[in-house]
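As structure tokens, the structure follows; a few thoughts come after it.
The chains referred to below are lettered A, B, ... by the order of the sequence lines, with proteins before strands, and numbering in each begins at 1. Not measured: the values here are computed from a predicted model.
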Amino acid sequence: MAMALETLSSPIILFFALGLLAALARSEMTVPEAFAKGLAIYLMMAIGLKGGVEMAANPLTGEVIRAFGAGIVLSFALPLVAFAALRLTSGIDRVDAAASAAHYGSISIVTFVAATEVVQATGLMPGGHLVAVAAVMETPAIITALLLARQANAAGGPVAGSERGELLREVMLNASVVVLVGALIVGWIIGPEGFEPTKPFFVAPFQGVLCLFLLDMGLSAGRGLRQGWRQLDVGAITFGLYMPLISAAVAAALCWVLALAPGDSALLITLAASASYIAVPAAMRLALPKAKPAIYLTLSLGVTFPFNLTFGIPLYTAMGQWVGS
Amino acid sequence: MAMALETLSSPIILFFALGLLAALARSEMTVPEAFAKGLAIYLMMAIGLKGGVEMAANPLTGEVIRAFGAGIVLSFALPLVAFAALRLTSGIDRVDAAASAAHYGSISIVTFVAATEVVQATGLMPGGHLVAVAAVMETPAIITALLLARQANAAGGPVAGSERGELLREVMLNASVVVLVGALIVGWIIGPEGFEPTKPFFVAPFQGVLCLFLLDMGLSAGRGLRQGWRQLDVGAITFGLYMPLISAAVAAALCWVLALAPGDSALLITLAASASYIAVPAAMRLALPKAKPAIYLTLSLGVTFPFNLTFGIPLYTAMGQWVGS
Amino acid sequence: MAMALETLSSPIILFFALGLLAALARSEMTVPEAFAKGLAIYLMMAIGLKGGVEMAANPLTGEVIRAFGAGIVLSFALPLVAFAALRLTSGIDRVDAAASAAHYGSISIVTFVAATEVVQATGLMPGGHLVAVAAVMETPAIITALLLARQANAAGGPVAGSERGELLREVMLNASVVVLVGALIVGWIIGPEGFEPTKPFFVAPFQGVLCLFLLDMGLSAGRGLRQGWRQLDVGAITFGLYMPLISAAVAAALCWVLALAPGDSALLITLAASASYIAVPAAMRLALPKAKPAIYLTLSLGVTFPFNLTFGIPLYTAMGQWVGS
Amino acid sequence: MKLYEKQRLEIILERMAAKRAGRILEAAGVSGYTVLPALAGFGGETKWQRDADISASRDMVVMVVIADAAEIDVALDQMQDLLADHIGVLNVSTVQVMRPDLF
Amino acid sequence: MKLYEKQRLEIILERMAAKRAGRILEAAGVSGYTVLPALAGFGGETKWQRDADISASRDMVVMVVIADAAEIDVALDQMQDLLADHIGVLNVSTVQVMRPDLF
Amino acid sequence: MKLYEKQRLEIILERMAAKRAGRILEAAGVSGYTVLPALAGFGGETKWQRDADISASRDMVVMVVIADAAEIDVALDQMQDLLADHIGVLNVSTVQVMRPDLF
Ligand SMILES: Nc1ncnc2c1ncn2[C@@H]1O[C@H](COP(=O)(O)O)[C@@H](O)[C@H]1O
Ligand SMILES: Nc1ncnc2c1ncn2[C@@H]1O[C@H](COP(=O)(O)O)[C@@H](O)[C@H]1O
Ligand SMILES: Nc1ncnc2c1ncn2[C@@H]1O[C@H](COP(=O)(O)O)[C@@H](O)[C@H]1O
Ligand code: NA
Ligand code: NA
Ligand code: NA
């Protein structure tokens, strides 16, 4: 409870709320796309570097490998649950359900970062390899979703003008994979000492940049909600709230079975519960162009992201403490 | 005098001068709009946060409330003076005069920030609530200007395609109001302790970012001057130089009557003397589209802003010390 | 050798390599142009300020003046060598050869900055005036190239729509000259004390920003290579590798004759060996529009820049130590 | 490929007025429109340039609308009023489309 | 000035599909095309705005192609398939050019 | 709505040459023009992309001009020279406008 309250009054959440309210009140204010994209690249570089530097300092134990395995399994499996849930409880059609399911199997790096702060504030020290686990969880969900969608419409060859390998490139080499994994490897190579001179840029201002970025995310989420909620029935909106809980429960069980540490468990549960809103939407425009962005974006950015940021993270942290060994 | 010289050799002023000279020499150099807008959002977040944090640390005294009152009165009243002065001393027509008057009743947040530095250098500590006063002064001037303009052309219903409330939203929920007031409230909630982790982003680099931003403002002001001065007669250009002095005198008298502290007085005088060049121009395009931007922008950004930045601020600081109690 | 290895494992080089590899692997990732341009302005302001502040602290000795002389002579003369070399060893026509030669006479400020780090790591302290020398070397090469090109096509009046002075303005007042020279003068005026409050923006995060910028340069270089290499024969590509060595050798001889200090020599050699990829290409579009950007950009950004960054800089540093007095 | 005739309306307009133009178009019943940013321009005696003006108050946009002649005609009436107040010019041309029922 | 007739194809298309449209155009043999960014738009029931959506998944672009009628005709066939999957509309018009051999 | 015939000139041009084209247009007496940024393109054998080239030396813009046929004709002569040196293509079409005296 105290943790929940503290989370809710952190500057990050407050700036997100500011953006959300401004958008709902129909303010015309925007953060220029080029600037926001620059900030996103900065954030991913910073996260990757820090994770890599930490990994360089710690040996690759069996627990680390189990965490990777858990992440991959979750990313492959959760879309199946999400797809079934959407089809059962909402009127969303098969293609839209498959596309949405991909988002929930994949992850949100901002949710991950916000959770890291909260987890560290409780005194737990999650391992740097969780950044790598996050990167690894981005993609598998997309594959599951494509298989689900293919079942849906047996017909339908490749889209006109498409090229062999373009989807693979988009999925494996999109900005967030390149920057996150790349910076992770750079961090691994340079280690704590090489990292030192870049810390005044990548560590000290990080929290502040996150505030600015979350203001923009609030604006996006609010506008998405205002435009998109009409496209969603009650079943779909409820899905955006209960699906992260299902994912968290599944992930928590897995963490318990695999005997992961409490801090690592908390972050893995958060990753499972979070939904993508940048990398997967782009991949879906290529892979399933007929799926409607208004549906999957409103769900992941408009409903699930705010839920996770405010109520989810304290809960997942508590769950991590509970199931972690 | 010493203060004036020191002001003139601060990096902020020198970078402004650099931009101004480059533009007058017809350099093609520009700062991309998306980047400059991002910096502007950063600056307003930083100012708002700092002000809010300071307000959280201090009680809301009668003096604070008097400062708000003074700001609102000035913003409502100064456009009347400006309008009369423009009509008397220049050939500018009623609509253009009304639009220009709105700019002089409203405020320039960069002038405010630059003045804060100078005032603090003299050892005075202006209160954090002055940021809130600045935010509150942005809007009333626009209302006065619209009343002045309505008198001008009694006819003329709403512009085709306009929507009830769009002007109100633009005026009350534009980026600078949302970010400034929003960050102020966030700062108030989080207080000094919550502010700490974001300081390496919002406090330490602030001065440097201001240098970069002022380089861009110098470029804008110089280009505005080069394009716009032909549209202004001598009377109009003189107005851009004497109007801030009138506003400062009126504000100084009010500060004296209300017994405001010297630091607060200096900043309130500066706010009164400063003229808007982002929020009000945008509002004028919606509210008085027939008013010519070449006139009001050249005046506020090309004439008054450089004057205030160089000669005005030291003067207003001295006035604040003189009338403040 | 150790120095070379250390250079290769610095975060700057690693992020450049990351960008290069991502582009070669056909990732679609980009850094928005507006953001990258903003970073470039930041980097040049920071470099200029630091150089100016250092110059303010040191007297203008004869050695400083000799360094300026050397820079100007090199920038004028090296395009002659480059032009002759290209015409002899590649199938590139006269206009393209002249345009390419301009790039090699001019300089790359990022190469300069990267070299500064390496030189300082060896314990040498190059003078702040080298920044001014870099600024001064940007332009003369363009004049030589235009004379070479004029010889090439005796005919051909000015391009339709061109204006007296536009090329001069582009060459003397482009963003990099304005910001670099302007910030240098500002730094000179404000001195170490005035510089202090802006250091948390211009000094501390510098290395980190450079990492982000070099990621983008890697992406640009990789894409340039992938698109452009077909336009280059073996002779041309080899030129991109041996020309910096020739320039370095000429510059080293000059440093030895003029008895420059080791640190200053290392940087002057690097400047001579480096090739422009922003200011000169823009100037060439105005002055020699028929020259093909695919040729001169692929050479300078795709071949010479990576070579200098990785193998060149350690070599030039060693040469500076060797010839410097 | 069989093509069908429609009208293309192109409005070069100050950015702050784009929402108003959008409302006029929607009221006229067009099926959609697209707004492009402009970078610079010249008109009357003056030039403007997006990156060179921090106030952004002279930014222009270009709105492109494909629609039936009848819808365009309804829109033009109100556009005339809009352009009496706001900075901008417009032009209409005839174009061919593939799927006429979309417009 | 003597001018020659060519066709101008304008495709308003979601940004993620622009490369696919480009491949179709190249396969049809056009000599070139240019892609412009869009800022905002309206279609069906919904609006989008570039700076207001951090996912960028609804960004549109406008592709402009000057080409021979024959090449455009070849391209249109495949564009019909592309636009059956992807969000977008297109239009064709007749224009005059100076150097017909360029297209 | 009564409309009047004018010409629409569209020049796809390298950005560094836009000021030159602007001077030619002003000299020809047109009442205005608007410059749009391009994002990417293909021509000859090569592609360019604004965000993917730090030198920005291959950026293109699109200039749109509404004017009298006579003014366009004067401009085209010099444009031919400009496009002999600079990278770019142009096209002209006939459009309808509302306020003919503006152009
Ligand atoms: N004839 C024209 N063709 C294209 N764009 C124009 C034309 N006239 C005006 N514009 C655009 O509209 C803006 C304002 O023009 P004006 O209303 O003449 O000041 C200019 O800066 C151009 O961007
Ligand atoms: N008739 C039209 N004219 C111009 N642009 C359109 C039109 N219809 C749709 N668009 C553009 O295509 C996007 C998607 O439209 P829709 O497929 O109707 O949802 C819109 O947001 C507009 O940018
Ligand atoms: N036929 C065309 N239609 C539209 N744009 C073109 C065409 N040809 C060339 N372009 C544009 O002009 C640029 C340079 O083309 P090129 O001169 O052929 O190398 C291309 O990258 C395109 O942006
Ligand atoms: Na997930
Ligand atoms: Na004021
Ligand atoms: Na050189």
Find the distance between [atom1] ([X]) and [atom2] ([Y]) and round it off to the nearest 0.5 Å.
{"X": "D:Gln96", "Y": "E:Leu76", "atom1": "CD", "atom2": "CG", "value": "10.5 Å"}
{"X": "E:Arg8", "Y": "D:Arg8", "atom1": "CZ", "atom2": "CZ", "value": "5.0 Å"}
{"X": "D:Tyr33", "Y": "E:Ile12", "atom1": "OH", "atom2": "CD1", "value": "12.5 Å"}

Part of D:Thr94 within contact of chain E (heavy atom distance under 4.5 Å): backbone
Answer with side chain, backbone, both or neither: which region of D:Ser31 has an atom nearer than 4.5 Å to a non-hydrogen atom of chain E? backbone
Please output the residues of residues 35-72 of chain D in contact with chain E, using a heavy-atom cutoff of under 4.5 Å, in numerical order.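 Checking residues 35-72 of chain D against chain E gives D:Val35, D:Leu36, D:Pro37, D:Val61, D:Val64, D:Ile66.
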So do E:Leu83 and D:Met98 actually touch side chain to side chain, heavy atoms under 4.5 Å? yes
Do D:Met1 and E:Asp77 have side-chain heavy atoms sitting under 4.5 Å apart? yes
D:Phe103 to E:Leu90 - nearest heavy-atom pair and separation: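 Between these two residues, the closest heavy atoms are CZ-O, 4.5 Å.
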